[in-house]
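Shown next, in structure tokens, is the structure this report addresses.
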Protein chains: 2
Amino acid sequence: MQPSPALIDEPPSETPSPRQQAVLDAALALMVEGNDPLTMDAVARRASCSKETLYKWFGDRDGLLTATVRWQASRVHAGRYEVSGLDATTLRENLLDFAESWLAVIGSRTSVALNRIAIAEAGSRRSNLGGIVLANGRFAIGERVKPVLEAGRAAGLLAFEDSEAAFRTFFGLVGRDIQIRLLLGDALDLDAAGIRSDAARAVEQFLALYGRAKP
Amino acid sequence: MQPSPALIDEPPSETPSPRQQAVLDAALALMVEGNDPLTMDAVARRASCSKETLYKWFGDRDGLLTATVRWQASRVHAGRYEVSGLDATTLRENLLDFAESWLAVIGSRTSVALNRIAIAEAGSRRSNLGGIVLANGRFAIGERVKPVLEAGRAAGLLAFEDSEAAFRTFFGLVGRDIQIRLLLGDALDLDAAGIRSDAARAVEQFLALYGRAKP
DNA sequence: CGGGAGGCGTACCGTACGGTACGGTACGGA
DNA sequence: TCCGTACCGTACCGTACGGTACGCCTCCCG
């Protein structure tokens, strides 16, 4: 199953200037604090800029939101790909690393706030904020994990037919009910130790399902 | 891990009158259509009642939303418990049934719309709509599935220490990325056949992880 | 038949918020 | 020194929406 066409990310659109980045950071900070409903006025006040500048730079509220999501996403994408010469240990470490970083992301207040806004927007307006969040979250990590899974299969460590299906199982084992509970306001705290043990459990379960003793 | 105190459902509050049920159905219909932002005026128009009546019956917008969520939940809860004399086939059937009905719920437009509103509300207001949705969704099904798992363990069919943890794994295997994708607006269609095969796969994976050949 | 209650439709109020206009200031180039 | 540009702060406008008030109709009960 591929991302549907509507979710393809638009051309990256040049990176914002430092001042613009400061504005976007202000918007992020407001979202994370979550007290104000992220009004344009609040962003302008927080960033010490005028609303007119906001509209000049980002067009409208939706443009600001979109730029904010992209800006945040641009800071999260930092991954190393090590798919050549994969042995069981390396595979396990790779999966563990993905699981940990994914749990850290979905557990962060930033991610929760961003997803809440995108979900709320997806229910009403025709801004594909939701599509952008999906493209930079769920689908981005899928595209990074699947090569690892396929390398594991090529090395005889994993057995599956459809890497997308295998990844979705991995995704479910890692995330379980965490994201929906956080989004709905459950006070679920994930400390670093909890994330590590959760990730380890998910990886072991995944390997139990898809692992294959090397012949 | 127990539901946090904030999520305990308030006393059931007497069932709405037929006329009130019609109003709540109108609200649900509007949410599902998703074109309007669910304004009080729209509900009143759709239900052919006056806004004043809405406020008289439900107090305020939040009360209407809460009543709507409860009303919808009251229609979904219909489960049979068969935990005595569990054999492998019955266990598998029970789990399959839970998985199928859960997938049908989270895939329904009603659930998506309701969760979107609850999530949006959880980001701002202090209404625990999110808590109510969680209590009637994720936690309600957990309380129904766990006895089945424990009966399976008592019958020597399953092996686990913590039934909550086992259930969360089951939850992840069933739901995977479906709910977050739907919430974010991905056009993921789940037909009955897809739900059946998804549920079957999840159950087999769960049994592969937690099943134990009867001694 | 009279009167009260419940409820519909509509008009209205206050506020919040997206978006615009405008004056004032700092700064860089001619 | 003068001018244009970019931007800040603030005032302003229009609209949408939560919540309230009121007139009128219907129906039930005496």
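Sequence lines set the chain letters: A, B, ... in the order given, protein chains first and strands last, and positions in each chain run from 1. Hydrogens, waters and symmetry mates are skipped; everything else that's a heavy atom, side chains included, is used.
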Go through the side-chain N and O atoms of B:Q205 and B:Y210 and say whether any donor and acceptor fall under 3.5 Å apart.
-> no
Side chains of A:S108 and A:S111: do they bring a donor and an acceptor to under 3.5 Å?
-> no
Contact check, side chains of A:F58 and A:L24, non-hydrogen atoms, under 4.5 Å | yes
How about B:R109: does its CZ atom have over 12 heavy atoms from other parts shown lying under 6.0 Å from it?
-> no
Find the distance B:L38:CG to D:dA16:C1' and express it as a whole number of Å.
-> 14 Å
Only one of A:D97, A:T90, A:L96 passes side chain to side chain contact (heavy atoms under 4.5 Å, CB included) with A:N94; say which it is.
-> A:T90
Letter by letter from the 5' end, nucleotides 4-12 of chain D scores (B base, S sugar-phosphate only, - none; protein heavy atoms under 4.0 Å) ---SBB---
Length of the line joining B:R61:CZ and D:dA16:C1', which is rounded to integer Å = 12 Å
The reported gap from CG in B:L114 to CD1 in B:I132 (rounded to nearest 0.5 angstrom) is 10.5 Å
Salt-bridge test for A:K146 and A:E164: reply yes if a basic N is under 4.0 Å from a carboxylate O, no otherwise.
-> yes
State which of C:dT20, D:dG18, C:dC17 makes the closest approach to the side chain of A:Y55.
-> C:dT20
May I have the distance from A:L54 (atom CG) to C:dA21 (atom P), rounded to whole angstrom?
-> 16 Å
Test side chain to side chain contact (heavy atoms under 4.5 Å, CB included), reference B:F167, set B:R138, B:R144, B:E143, output is B:R138
Rounded to whole angstrom units, what separation is found between the CZ atom of B:R46 and the C1' atom of C:dG9?
-> 18 Å
Value in whole Å for how far the P atom of C:dG18 lies from CG of A:D36 | 12 Å
Near DNA chain C, which residues from residues 24-33 of chain A have a heavy atom under 4.0 Å away?
-> none
Sequence neighbours excluded, which residues qualify as salt bridge (Lys or Arg N to Asp or Glu O under 4.0 Å) partners of B:R61?
-> B:E121
By nearest-nucleotide position on DNA chain C, the 5'-leaning member of A:G59 and A:P37 is A:P37
Atom CG of A:D60 to atom C1' of C:dC17: distance rounded to whole Å?
-> 14 Å
